[in-house]
2 protein chains.
Amino acid sequence: MKNRLEELRKARGVRQEELAAALEVSRQTIGSLENGRYNPSIVLAFKIARYFGLTIEEIFIYD
Amino acid sequence: MKNRLEELRKARGVRQEELAAALEVSRQTIGSLENGRYNPSIVLAFKIARYFGLTIEEIFIYD
DNA sequence: TGCGTATGTAAAGTTAACTTTCCAATTCAC
DNA sequence: GTGAATTGGAAAGTTAACTTTACATACGCA
């Protein structure tokens with residue numbers, strides 16, 4: 001599972017900490033997702049998609 | 001998180017056990033998802049979406 | 001150079017998404 | 001109605017997605 005989180009976050013000029021607060025998760029969770037240490041839960045994936053105004057499939061790439 | 005799993009599965013005339021095998025999870029996992037005992041991981045959600053030829057958003061409803 | 005800000009990541013703990021096993025409850029064909 | 005197939009769901013165990021804490025690294029900028 002790859003994702004476009006870092007790319008999308010930077011495109012919006014938002015810090016990991018800001019994104020984390022908006023999504024109600026820890027900064028470490030954002031970092032871990034961006035660096036591929038683990039996958040989001042489906043609930044978090046929905047929150048992320050909603051935050052960026054995209055679909056889950058547009059952000060997370062499952063091969 | 002609601003989902004249309006049971007509806008979609010029955011529409012295809014497939015048993016829980018068959019769907020479970022196709023998705024490489026246990027039958028109990030399918031039953032638990034259908035009856036709302038827990039949410040799928042994002043990986044399983046992708047597998048389910050792919051199986052039914054739909055997007056995650058078309059199957060799982062996050063309010 | 002040195003400081004403030006942002007990020008990387010490890011350790012240890014909690015919780016929820018799974019597993020296997022088991023049995024009870026439906027449903028369906030005959 | 002009986003028996004077989006299907007589903008519901010509990011119990012106990014494992015794993016991965018989180019948490020908090022802590023510290024190290026990198027990167028402007030005065």
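Worth saying up front: this structure is predicted, and the values here are computed from it rather than measured.
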What range of DNA chain D does chain A touch, first nucleotide to last, counting atoms under 4.0 Å from its heavy atoms? D:dA17 to D:dA22

Pairwise distance CD1(B:Ile48) to CG(B:Leu8) - rounded to 0.5 angstrom: 10.0 Å

Nearest-nucleotide 5' precedence on DNA chain C, A:Glu6 against B:Ser26: A:Glu6

Going by ring-ring contact (aromatic ring centres under 6.0 Å, His included), name the residues that satisfy it together with B:Phe60, two or more places apart in sequence or in a different chain. none

If you compare all heavy atoms of B:Ala49 against all heavy atoms of B:Ile56, which two are closest, and at what distance to 0.1 Å? CB-N, 3.8 Å

Residues in residues 16-25 of chain A with a heavy atom under 4.0 Å of DNA chain D, by number, are A:Glu24, A:Val25

For B:Arg50, what residues pass the salt bridge (Lys or Arg N to Asp or Glu O under 4.0 Å) criterion, not counting sequence neighbours? none

Please find the pair of heavy atoms, one from B:Lys47 and one from B:Leu23, that lie closest to each other, and give the distance. NZ-O, 3.4 Å

Excluding sequence neighbours, so at least two apart, what forms side-chain hydrogen bond (donor to acceptor under 3.5 Å, both in side chains) with B:Glu6? B:Lys10

Take the C1' atoms of the five end pairs on each side of the helix from C:dT1-D:dA30 to C:dC30-D:dG1, derive the two axes, and give their angle rounded to 10 degrees. 40°

Residues which pass ring-ring contact (aromatic ring centres under 6.0 Å, His included) with A:Tyr62, listed by chain and number, not counting sequence neighbours: B:Phe46

Could you give all pairs that pass the side-chain hydrogen bond (donor to acceptor under 3.5 Å, both in side chains) test and reach residues 13-22 of chain A, with sequence neighbours left out? A:Gln16-A:Glu34

With sequence neighbours left out, write down each residue that passes side-chain hydrogen bond (donor to acceptor under 3.5 Å, both in side chains) with A:Arg4, or none if nothing qualifies. A:Glu7

Which heavy atom of B:Arg9 sits nearest to which heavy atom of B:Leu19, and what is that distance? CD-CD2, 3.9 Å

If the condition is side-chain contact (heavy atoms from CB on, under 4.5 Å), which residues does B:Thr29 pass it with, not counting sequence neighbours? B:Val25, B:Ser26, B:Leu33, B:Tyr38, B:Leu44

Not counting sequence neighbours, which residues clear side-chain hydrogen bond (donor to acceptor under 3.5 Å, both in side chains) with A:Glu58? List them please. A:Thr55

Close residues, residues 27-56 of chain A, relative to DNA chain D [heavy-atom separation under 4.0 Å]: A:Arg27, A:Gln28, A:Thr29, A:Tyr38, A:Asn39, A:Pro40, A:Ser41, A:Leu44

